[in-house]
Amino acid sequence: MDTDVLIVGAGPTGLMLANQLARRGVRCQIIDRHAGPALQTRALGVQARTLEIYSHLGLADRALELGKRGTGANLWAQGRKMARVPLGEAGVGVTPYPFILILGQDDNERIMGERLRDWPMSVQWNTELVELKQMTDHVAATLKLPGGATRTATAAWIAGCDGAHSAVRELNGIGFPGAPYEHVFFVADTEATGTMVPDEVNVYLWQEGFHLLFPMRGKDHWRIVGIVPPDLRNTDGLEFPAVMPSLRKEAGTSLSIKSCSWFSTYRIHHRRAARFRDRRCFLLGDAAHIHSPVGAQGMNTGLQDAYNLAWKLTLVVQGNADVALLDSYEQERVPIAQRLLNTTDRGFRLAVSDSPIAGLFRTKILARIGAFAMSIKRVQAWAFRIVSQTGIHYRWSSLSRSLGRMPEDAPRGGDRFPWLKLKLAAGGPVEDLYQKIDDMRLHLIVIGQSAPATVGGAGFIDVHAIPADPVNDAELASARIPGTSYYLLRPDGHIGLCGIHLEPGDVEKYLSERLRLGTAPKARA
Ligand SMILES: Cc1cc2nc3c(=O)[nH]c(=O)nc-3n(C[C@H](O)[C@H](O)[C@H](O)COP(=O)(O)OP(=O)(O)OC[C@H]3O[C@@H](n4cnc5c(N)ncnc54)[C@H](O)[C@@H]3O)c2cc1C
């Protein structure tokens, strides 16, 4: 076998998967049909949950250094500023990163590509998957090399991170049902001045649609996103000056564009692959789901597909878990993708509808309701959890178990374990739990009861007995965690098992029946 995992596609999703597998010691290769990294910015918003993952990968500081923190969004309607929505306040205490980071996809790809070299590993550019054959115990992939020659590579698993036109999806005959929207979008990276509130997102709602202006790195650099006016929709070779009149009409005649470094138009589709797995092949990122850019979720969702699959593939490839564990990838990620498609579709239709009523709604009502709703702290907190992806949970998953009488509002099986600052040793300092827990392992957190020194699957599980302390009591209470409870965290930080009283055998049973771990793990390959 040439490799354990062949990753097809070196966009953000493939690069995240390659990093996660390589740092866990999995033999993998990553190929891309292009000659090198994409140079366009494309996706621009990095969500808090992605930054949490970057932090474990040692990339969060670099991302923060390169990006701009979006601290607020300003809603404009018909030239008047209607409201400012604070983007950060609602996330304080929820995550170490209570904001959206404005950092282009090209920068995200660059920092993940650089990190890959530390394992050490690099992308095989100019290498295209053109054929594949699934066998019982491996996949034979035909790769087209620079110059046109082909070679066959054998891999135990293939990860299709190859974007919307995925060859892995098509070669496996997996459908991609959905449809394009009729609207054509444009994106422009510009140097501009105008009414925009500096360093914040500016949303200009208008009768026929909207314009979004995102602050980018550098003075007066703005990403402008908008809808191509209907009369220009079918124009070939459209250039930025053509959309300027409609843009000025809405964003104000004071809008002055000094330069435009990138302009592109694109038609958006909303589609989801019928399956995210066919035997030894997986689909992740845009290969599995595409949707409107409402909410800046696309790139982030692909990154989290990779994070979800990586630890499971590692356990299986290294012979420590049964292959059945991999069924949970599709079980957990399909509903997330479907919900995302539904919500972005609803939001998008409202934002782009051509009807006069929708236009009135957008300019007269939406801005006011939006501003009012977002002034309510609970609504802000709810919106932050959705947009930041910190609220994603897998409660329905076969890997999620909550035992005993857990209070209704307590974190439960499938939830992302909350970000807490605790004294992890009696009399010790208050520490950031996310910094202390390593995402390569499982963690058993035991509260208000004696903790076992070790548990089954000891090779993978760290036990943390949380000492009784007023600081800990207050922090646990604010997260609605019962004073007597236990939580077994998966490597991706989601709760696998939780309960009130830790009974002997509960954890072992969960590990063997749910995670399908062997009780005597084999040595790492
Ligand atoms: C103009 C534009 C603007 C966008 N703006 C936003 C935005 O504001 N917010 C947002 O969230 N999203 C946005 N997106 C979407 C975002 O770019 C995608 O969600 C993201 O790129 C998905 O990453 P991915 O790694 O899954 O796929 P991709 O980035 O598409 O990467 C797939 C990779 O696979 C390679 N590949 C394909 N086929 C093969 C093959 N057969 N063999 C080998 N390699 C192959 C390709 O060369 C490519 O490098 C935008 C997209 C575009 C085009």
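Residues take their numbers from the sequence shown, with the count starting at 1. This one's a predicted model, so the numbers in the text were calculated from it and none came from an experiment. Order of appearance sets the numbers: ligands from 1, and atoms from 1 within every ligand.
One finds no salt bridge joining R217 and E65 here, because no Lys/Arg side-chain nitrogen approaches an Asp/Glu carboxylate oxygen to under 4.0 Å. Between E182 and R267 no salt bridge is recorded (no basic side-chain N to carboxylate O distance below 4.0 Å). Between R42 and D106 no salt bridge is recorded (no basic side-chain N to carboxylate O distance below 4.0 Å). K144 has no carboxylate O lying under 4.0 Å from a charged side-chain N of E131, or vice versa, which leaves the two without a salt bridge. Using a cutoff of 4.0 Å between basic side-chain nitrogens and carboxylate oxygens, R277 and D327 are scored as salt-bridged. At a threshold of 4.0 Å, the pair R490-E332 counts as salt-bridged, since one of the basic side-chain nitrogens sits closer than that to a carboxylate oxygen.
Scanning the protein for heavy atoms near atom 53 (C) of ligand 1, the closest one is R42 CD, 3.8 Å. Distance from atom 26 (O) of ligand 1 to its nearest protein heavy atom, with residue and atom name: T13 OG1, 2.8 Å. Among all protein heavy atoms, the one lying closest to atom 31 (O) of ligand 1 is G11 CA, 3.6 Å. Among all non-hydrogen protein atoms, the one lying nearest atom 18 (C) of ligand 1 is D286 OD2, 3.2 Å. In terms of protein heavy-atom proximity, atom 7 (C) of ligand 1 is closest to A43 CA, 3.4 Å. Atom 42 (N) of ligand 1 has its closest protein heavy atom at L129 N, 3.0 Å. At the shortest separation from atom 28 (P) of ligand 1 among protein heavy atoms lies G163 CA, 4.3 Å.
Taking 4.0 Å as the cut-off, G298 counts as a neighbour of ligand 1 on heavy-atom distance. Heavy atoms of P12 approach ligand 1 to within less than 4.0 angstrom.
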Apply ring-ring contact (aromatic ring centres under 6.0 Å, His included) to the pair F282 and Y329, showing each step before the final yes or no.
-> CA-CA 9 Å; F282 293 91; Y329 167 68; 5.8 Å; yes
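Distances from atom 29 (O) of ligand 1 to the heavy atoms of K144, M16, Q105, R33 show the closest one on Q105.
Panel note: side chain D2, backbone T154; a donor-acceptor pair is recorded below 3.5 Å. Side chain of T314 to backbone of A310: a donor-acceptor contact under 3.5 angstrom is found. The backbone N or O of T390 sits nowhere less than 3.5 Å from a side-chain atom of R385 that would complete a donor-acceptor pair.
Ligand-side atoms of ligand 1 in range of C161: 32 (C), 33 (C), 34 (O), range being under 4.0 angstrom from any heavy atom. Which parts of ligand 1 touch A167 is read off a 4.0 Å heavy-atom cut-off, strictly below it: atoms 41 (N). Listed by number with element, the atoms of ligand 1 under 4.0 Å from a non-hydrogen atom of V8 are 40 (C), 42 (N), 43 (C). Contact atoms of ligand 1 toward G285: 26 (O) (distance under 4.0 Å to a heavy atom of the residue). Below 4.0 Å from some heavy atom of E128 lie the following atoms of ligand 1, by number and element: 40 (C), 41 (N), 42 (N), 43 (C). Atoms of ligand 1 lying under 4.0 Å from any heavy atom of M299, numbered from 1 in the order shown and given with element: 11 (O), 19 (O). With ligand atoms numbered from 1 in the order given, ligand 1 contributes 1 (C) to contacts under 4.0 Å with heavy atoms of W262. Those atoms of ligand 1 that come under 4.0 Å of a heavy atom in T127, given as number and element, are 43 (C).
Side chain to side chain, D439 and Y307 meet the donor-acceptor criterion of an N or O pair below 3.5 Å.
Any N or O atom pair closer than 3.5 Å counts here, and D32 shares at least one such pair with ligand 1. An N or O contact shorter than 3.5 Å is missing between A164 and ligand 1 by distance. Considering both main-chain and side-chain atoms, E109 never comes within under 3.5 Å of ligand 1 through any nitrogen or oxygen pair.
None of H291, H270, H269 except one satisfies the ring pair (Phe, Tyr, Trp, His ring centres under 6.0 Å) rule with Y181; the exception is H270.
A distance of 6.0 Å or more separates the ring centres of F417 and H494.
Counting heavy atoms closer than 4.0 Å to ligand 1, residue A287 contributes nothing at all.
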